[in-house]
Asks: 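Below is a structure I'd like to ask you about.
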Amino acid sequence: MLICIFTGFASGLPFYLLLQLLPAWLISDGVNIKTIGAFSLTQIPYILKFIWSPFMDNISPFNLGRRRGWMLGCQIVLTLSIAILGFFSPKLNIWLIAITCFIIALFSATQDVALDAFRRELLIDKELGLGNSIHTNAYRIAGLVPGSLSLILSNYLPWNSVFIITALFMLPAIIMTLLVKEPLNQMPKNHHFKDIIIEPFNEFITRNGLKTAILILAFIFLYKLGDSMATSLATPFYLQMGYSRPDIGWIAKNASLWPSVLGALIGGILMIKIGINRALWSFGLVQVISILGFAWLSVEGAFNAIGTYQKALLAIVIGFESLGVGLGSAAFVAFIAKTTNPLYTATQFALFTSIASIPRTLINATTGIMVEYLGWTTFFSLCTILAIPGMLLLLKVAPWNTKS
């Protein structure tokens, strides 16, 4: 469970840097909302990681094993890439920034493949709920570095110093990778192309049947759609409502940490008690309701002056969102882990999480255009509606009365 804290933190830091710190940096340098939304396209590696994940099951870099070798290589590249990002100017080097963000996304996605497989092989089935809940919430807590600390520091330090400090938070992940042991009986094996590429997908379809397999993939695509769209431009939204970067940083730090910790404890314990299926229903409902908080905030703003009431309002919205999404993500990741076959962990886990990333990457690239034409309130209302189809698919893929 301690290892799950480190895997979650290592996975979350580069992702939240792209999601939270990057938009704040770009908008503070005068980049328009449509361009910031289009930056979601640099996250395409999160969608495509299932293409190279089969080969990661069969290659052992640095002789550290097929999980730890990939983890270490990716973490070193991520540390360096994040550190150099702040030396570019959004006004002069927007394409260099986009290329660097693509590199961060590429190695972050590859690290995720290795971390997900490592965690799946580390945990026995009855530990998946709690282990993945801890991983998911450590993932979200990692967002406090780029989404809180770095935003606060940006008010006092130049951006290149901010990104260097942010990059240094990858060092605990590197130390963890060097200290932990590779899961037993998981050494690389030489397979034919059919075994590496075809068999993992064939096994999933054969085990579930074609119809059920399609429903599971549709559910994975839709379950986080509304939430993903709503949070994709959260930092620019807060800034346009009149909040400063330090306001967002301090409030995010206090309002999201404790709900995330509470979500980890409640989510893990409840999943043991009620099973993953009922957790998907219960936590998913909280997740849908949490999106409405953004709509509420948009109706109240934009503020000419930020006082205690406005800060409390932001704290409530961020806190409830952290609780709802933390709970929903914990159950969602546990469902994905349960759906994989340990023989093909990396490939199947990467396939499922790639499908879950499609809304965040391709659809979110259009959110800046949507906001410009719809306005914030209508946009968040649309996000709430788009969260409902994923909940309805639970009737087929995770029925309430089927305990799992």
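Keep in mind that what you see is a predicted model, and the values were worked out from it rather than measured. The basis for the numbers below is simple: all heavy atoms, side chains too, and nothing from hydrogens, waters or symmetry mates.
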Asks: Measure from the ring center of F237 to the ring center of F380 and say whether it is less than 6.0 Å.
Replies: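 Yes, they do, as the ring centres are separated by less than 6.0 Å.
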
Asks: Closest heavy-atom contact between P359 and S228?
Replies: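 Nearest heavy atoms, P359 then S228: C-OG, 4.2 Å.
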
Asks: Do F294 and F379 have their ring centres less than 6.0 Å from each other?
Replies: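 That pair fails the under 6.0 Å test.
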
Asks: How about F102 and F107: are their ring centres within less than 6.0 Å of each other?
Replies: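 Here the rings of F107 and F102 have centres that are no less than 6.0 Å from each other.
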
Asks: What class does the angle between the rings of F335 and F219 fall in, given that below 30° is parallel, 30 to 60° is tilted and above 60° is perpendicular?
Replies: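 Perpendicular: the ring planes of F335 and F219 meet at over 60°.
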
Asks: Any donor-acceptor pair under 3.5 Å linking the side chain of Q348 with the backbone of P200?
Replies: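 Flag set: sc Q348 to bb P200 pair under 3.5 Å.
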
Asks: Verify the distance criterion only: is there a donor paired with an acceptor across the side chains of K49 and T110 at less than 3.5 Å?
Replies: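 T110 and K49 do not have a side-chain donor-acceptor pair below 3.5 Å.
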
Asks: Just by modelled atom types, is the A218 backbone N or O under 3.5 Å from a matching donor or acceptor in the Y223 side chain?
Replies: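 Not at all, since once roles are kept as given, no pair shorter than 3.5 Å links the two residues.
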
Asks: Does R245 form a side chain to side chain donor-acceptor pair (under 3.5 Å) with S154? I'd like the steps, not just the answer.
Replies: CA-CA 8 Å; R245 293 198 302 273; S154 70; 2.8 Å; yes

Asks: Looking at every non-hydrogen atom in both residues, tell me the closest pair between L18 and P23 and how far apart they are.
Replies: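 Looking at all heavy atoms of both residues, the closest pair is O-CD, 3.5 Å.
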
Asks: Test your reading of the model: is there a side-chain donor-acceptor pair from T361 to the backbone of L41, 3.5 Å cut-off?
Replies: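 Absent.
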
Asks: Verify, without hydrogens or angle tests, whether T166 (side chain) and V162 (backbone) share a donor-acceptor contact under 3.5 angstrom.
Replies: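 A pair under 3.5 Å: yes.
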
Asks: Side chains of S89 and D29: is there a donor and an acceptor less than 3.5 Å apart?
Replies: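 No, because no side-chain N or O of S89 sits under 3.5 Å from a partner of the opposite role on D29.
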
Asks: Is Q111 reaching over with its side chain to a backbone N or O of Q75, donor-acceptor style, under 3.5 angstrom?
Replies: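 Not confirmed, Q111 side chain does not pair with Q75 backbone.
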
Asks: Tell me if a side-chain donor or acceptor on T340 pairs with a main-chain N or O of A337 at a distance below 3.5 Å.
Replies: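 Yes, the answer is positive, given that a donor and an acceptor are paired below the 3.5 Å cut-off.
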
Asks: Please check if the side chain of S28 supplies one atom and the backbone of W25 the other of a donor-acceptor pair under 3.5 Å.
Replies: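 Side chain of S28 to backbone of W25: a pair is present.
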
Asks: With side chain to side chain donor-acceptor pair (under 3.5 Å) as the test, would you mind laying out the steps for S244 and N155 before giving the verdict?
Replies: CA-CA 9 Å; S244 67; N155 213 47; over 6 Å; no

Asks: Okay, side chain of R278, backbone of I274: is any donor-acceptor separation there less than 3.5 Å?
Replies: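 No.
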
Asks: Between the side chains of E127 and R119, is the shortest nitrogen-to-carboxylate-oxygen separation below 4.0 Å, so that they form an ion pair?
Replies: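 Looking at E127 together with R119, the answer is no, because their closest N to O distance does not fall below 4.0 Å.
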
Asks: If you round to the nearest 0.5 Å, how far is CD of Q43 from CG of N364?
Replies: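 Atom-to-atom, N364:CG and Q43:CD are 7.5 Å apart.
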
Asks: Considering only heavy atoms from C-beta outward, does the side chain of W70 approach that of T177 to under 4.5 Å?
Replies: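 The answer is no, as the side chains (C-beta and beyond) never meet within the 4.5 Å cut-off.
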
Asks: Set out, in order, the CA-CA distance, both residues' side-chain angles and the distance that settles side chain to side chain donor-acceptor pair (under 3.5 Å) for T35 and N32, then state yes or no.
Replies: CA-CA 6 Å; T35 302; N32 64 63; 3.0 Å; yes

Asks: Please walk me through it: do Q287 and D227 pass side chain to side chain donor-acceptor pair (under 3.5 Å)?
Replies: CA-CA 7 Å; Q287 179 180 274; D227 157 63; 5.2 Å; no

Asks: Look only at the side chain of T42 and the backbone of F39, and say whether a donor-acceptor pair between them is shorter than 3.5 Å.
Replies: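 Side chain of T42 to backbone of F39: a pair is present.
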
Asks: Look only at the side chain of S290 and the backbone of E321, and say whether a donor-acceptor pair between them is shorter than 3.5 Å.
Replies: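 Flag not set: sc S290 to bb E321 has no pair under 3.5 Å.
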
Asks: List the steps, then state whether ring-ring contact (aromatic ring centres under 6.0 Å, His included) holds for F15 with Y139.
Replies: CA-CA 9 Å; F15 170 70; Y139 182 97; 5.8 Å; yes

Asks: Run the salt-bridge test on R67 and E182 with the 4.0 Å N-O cut-off and return the result as yes or no.
Replies: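 No, this pair does not count.
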
Asks: Could you tell me how the ring of F9 sits relative to the ring of F169: parallel (under 30°), tilted (30 to 60°) or perpendicular (over 60°)?
Replies: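 It falls in the tilted class, 30° to 60°.
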
Asks: Do you see a donor-acceptor pair shorter than 3.5 Å between the side chains of T353 and Y46?
Replies: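 No pair is found: no donor N or O on one side chain lies under 3.5 Å from an acceptor on the other.
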
Asks: Kindly compute the distance separating OG1 (T79) from CD1 (I104), expressed to the nearest 0.5 Å.
Replies: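 The CD1 atom of I104 is 10.5 Å from OG1 of T79, to the nearest 0.5 Å.
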
Asks: How many angstroms lie between atom CD1 of I248 and atom CD of Q20, to the nearest 0.5 angstrom?
Replies: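 The distance works out to 10.0 Å.
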
Asks: In Å, rounded to the nearest 0.5 Å, how long is the span from CG of L22 to OG1 of T235?
Replies: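 If I round to the nearest 0.5 Å, the distance is 10.0 Å.
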
